[in-house]
Amino acid sequence: MKRGYFRKIFIVYAFVLVGAVFFSEVYVTGIISDSYLDSLRYSLSVQARLIAGNLDFGAAGQPDAKCGSLKKTTGARVTLVSAVGRVLCDSDAVSGDMENHGDRPEIQQAYIDGVGSSIRFSKNVNSKLLYLALGVRGDKGILGYVRLSLPLDHVMSSINSIRVKVLLGVFLVLLVPGIVSVLQTGRVRTLVSDVTGFSGAIAKGDFSRRLLIGGAGEFDQIARNLNSMAVELSVLVESDREKYERLGAILKSVPDALLITGSDAKVAMYSSASERFLGTSRLARRPIKEIVRAPGFIGMIDEVRRGGLPSEREIGLAGPEEKTAIVKVSPIRLAERGDPGLVVLFHEITEAKKLEQVRKDFVANVSHELKTPIAAIKGFADTLAEGAMEDRENAARFVGIIQANSQRMVKLVEDLMTISRLELGVLGMEMESVSLARLAGDVFDNFRSVADEKGLELKFSPDVNIADVQADPDRLVQIISNLVDNSIKYTESGSVTIGSGFEDGRPFIYVSDTGPGVARKHIPRLGERFYRVDTSRSRELGGTGLGLAIVKHLVISHGWEMIIQSSPGKDMTVRIFV
């Protein structure tokens with residue numbers, strides 16, 4: 001038998017012992033120390049007030065001998081300090097050689113509160129001292145300070161003596177019960193070992209074994225119960241084996257997740273598809289409410305168990321992958337009395353929901369993209385029709401706006417048709433060797449005037465080992481053109497580069513720029529239809545949100561891979577591994 005559990009008990013007890021000792025050390029001795037020091041402070045403050053009543057701070061100074069005589073009376077070191085911090089006399093040192101005491105903590109506190117104290121190491125007496133200062137006030141304010149101090153060596157010695165006694169007492173009080181507990185634990189461990197061995201044999205199907213324990217109190221009853229259980233299990237397993245084998249074969253053939261519970265709402269049986277759908281192999285004998293955590297599901301189960309009528313609804317299951325399913329819950333009577341058992345069937349519709357959502361998003365996005373240019377065309381056309389044709393200057397501007405929005409609609413429709421043909425696979429690829437230098441030249445020729453207007457430099461940075469690439473030339477030009485177009489639109493200064501290189505032996509071509517880049521959270525969604533990082537600026541620059549989507553589909557159609565890297569505020573690079 002593994003001793004992990006009993007080792008844990010020992011470790012816990014050891015921690016309790018150490019914790020109790022630590023508590024006694026920190027808390028009990030702390031209280032004693034604080035109480036002793038508070039008594040000392042009070043005693044010193046009383047003596048300081050007695051001394052202050054017999055002093056005259058008006059004199060220029062006080063002889064050190066006077067402080068020495070006061071020390072004989074009080075038993076503490078006596079120091080008289082002027083209002084400005086000068087030492088007037090001291091019982092243990094020459095006052096004329098001592099530095100100004102105005103910055104001492106106890107003096108500063110006494111100036112504010114009347115009485116101040118501190119504990120620190122004194123270089124003059126080479127010992128840790130308790131200082132107490134009393135501010136002596138006159139009609140015109142502070143006249144000076146009486147400071148008394150006592151070494152704490154005897155205090156700490158007394159506290160340490162008490163600490164040792166307290167710790168020893170706590171240790172002995174906890175050690176004796178601990179030894180008794182360890183001896184008793186040994187007996188319990190032996191009994192648990194016997195029970196564990198018996199339960200292990202039962203778990204393996206050996207129902208002929210019996211557990212024999214005598215004179216062990218409650219363990220005797222446990223042994224009798226386990227032996228009775230073994231006999232009953234032997235009968236039940238034998239009679240139900242064939243039944244379960246048949247039902248198991250039926251459940252394996254069910255394509256959907258199917259759970260069957262008993263009257264206790266715990267899973268009794270389940271189909272093979274259930275483990276895959278629910279993402280866990282621990283289904284048997286677990287409460288169904290614990291396995292399926294979805295809004296509305298628990299209420300649905302309770303409703304069926306109370307009413308005894310079937311129920312059906314759509315639910316969403318959270319997890320590493322979000323899933324949607326139609327759930328059908330039907331009651332079954334497993335006993336004449338008690339709550340009914342349940343048959344729960346999950347028919348997954350995740351993909352169908354995704355396709356439906358894609359369709360809705362597509363319609364919404366297309367409608368949104370068309371609404372603005374259509375509204376602009378209609379508005380300015382109505383304006384022209386209502387008489388603005390006579391105003392030649394504004395009429396020409398209105399016509400220009402109508403043409404620009406018409407072109408935007410044409411571009412949107414062309415991009416949508418391109419993506420549609422790519423998804424349907426009707427856009428064939430005619431592969432041939434394409435020169436990267438010629439490709440870059442052709443693309444740069446198309447965009448040079450736009451780049452010059454913005455003051456951008458167009459660069460070509462090829463790897464000497466990559467001169468050509470196998471691709472459909474027209475589609476490759478479209479890929480690189482879309483990427484360069486995006487780079488020029490969003491780059492305000494710097495350069496746009498077409499280049500090539502190798503990574504881990506894989507060749508790639510790339511387009512990079514010195515633009516603002518994008519945040520890391522946006523990169524996974526770049527390439528989705530109509531997705532824009534900056535919606536308002538993209539529309540202002542004439543973007544449809546489909547450029548990168550076309551690039552992504554063309555790359556996939558070539559069997560390539562596209563990776564986007566960006567440093568926000570610095571640059572962006574799109575690499576295509578060919």
Side-chain angles (χ1 to χ4, degrees), residues 23 25-163:
F23 173 79
E25 165 70 16
V26 174
Y27 183 72
V28 177
T29 58
I31 291 177
I32 296 173
S33 176
D34 292 343
S35 176
Y36 200 94
L37 292 175
D38 288 342
S39 297
L40 279 179
R41 290 189 185 96
Y42 178 75
S43 176
L44 291 176
S45 67
V46 171
Q47 294 182 55
R49 286 187 172 88
L50 293 175
I51 292 172
N54 298 315
L55 292 178
D56 180 13
F57 282 91
Q62 301 286 344
D64 290 338
K66 183 172 183 177
C67 286
S69 64
L70 291 173
K71 178 178 180 180
K72 293 178 181 179
T73 303
T74 62
R77 178 183 178 182
V78 180
T79 306
L80 301 183
V81 182
S82 71
V84 295
R86 184 170 63 85
V87 178
L88 302 176
C89 79
D90 188 89
S91 62
D92 290 20
V94 178
S95 60
D97 298 337
M98 298 176 68
E99 59 187 12
N100 190 287
H101 278 38
D103 61 346
R104 297 299 193 265
E106 64 275 6
I107 298 296
Q108 293 182 355
Q109 186 179 358
Y111 175 77
I112 298 173
D113 300 330
V115 178
S117 67
S118 67
I119 298 174
R120 66 177 183 276
F121 187 83
S122 173
K123 295 181 180 178
N124 292 331
V125 298
N126 195 31
S127 176
K128 196 172 184 180
L129 302 178
L130 169 64
Y131 293 91
L132 185 135
L134 174 69
V136 180
R137 295 184 178 273
D139 296 336
K140 297 182 179 180
I142 291 289
L143 300 176
Y145 304 91
V146 177
R147 190 183 73 170
L148 304 181
S149 59
L150 283 174
L152 294 181
D153 294 342
H154 69 287
V155 176
M156 298 310 297
S157 177
S158 300
I159 292 175
N160 288 335
S161 177
I162 295 173
R163 178 189 293 117

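When a residue number appears, it is its place in the shown sequence, counting from 1.
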- request: Taking all non-hydrogen atoms of both residues into account, name the closest pair between P151 and L129 and its distance.
  value: CA-CD2, 3.2 Å
query: So which heavy atom on R86 is nearest to which on N100, and how close?
result: N-ND2, 3.7 Å
- line: For R41 and L132 the tightest heavy-atom approach is O-CD1, 3.2 Å
task: Determine, for R120 against E106, whether the closest basic-nitrogen to carboxylate-oxygen distance falls under 4.0 angstrom.
output: yes
query: CD1/I119 to CG/L150 distance, rounded to the nearest 0.5 angstrom?
result: 11.0 Å
query: Hey, what do you get for OG (S82) to CG (L143), rounding to the nearest 0.5 Å?
result: 11.0 Å
field: Nearest heavy atoms of S149 and Y131, plus distance in Å
entry: CB-CD2, 3.6 Å
Nearest heavy atoms of I107 and G102, plus distance in Å: CG2-O, 4.2 Å
- line: The reported gap from CD1 in I51 to NZ in K66 (rounded to nearest 0.5 angstrom) is 10.0 Å
message: My understanding is that only one of D92, V94, L88 makes a side chain to side chain contact (heavy atoms under 4.5 Å, CB included) with D90; could you say which?
response: D92
- prompt: Rounded to the nearest 0.5 Å, what separation is found between the CG atom of L40 and the CG atom of L148?
  reply: 11.5 Å
statement: The side-chain hydrogen bond (donor to acceptor under 3.5 Å, both in side chains) partners of S45 (sequence neighbours excluded) come to none
message: For the NE2 atom of H101 and the CZ atom of R147, what is their distance to the nearest 0.5 Å?
response: 4.0 Å
task: Enter the distance from R137:CZ to Y111:OH here, rounded to the nearest 0.5 Å.
output: 7.5 Å
query: Is there a donor-acceptor pair closer than 3.5 Å between any side-chain N or O of D64 and the backbone N or O of G96?
result: no
field: Under 3.5 Å donor-acceptor, S91 side chain and V78 backbone
entry: yes
query: By side-chain contact (heavy atoms from CB on, under 4.5 Å), which residues pair with T73, not counting sequence neighbours?
result: none
- request: Could you tell me which non-hydrogen atom of V87 sits nearest to which non-hydrogen atom of S95, and how far apart they are?
  value: CG1-CB, 3.7 Å
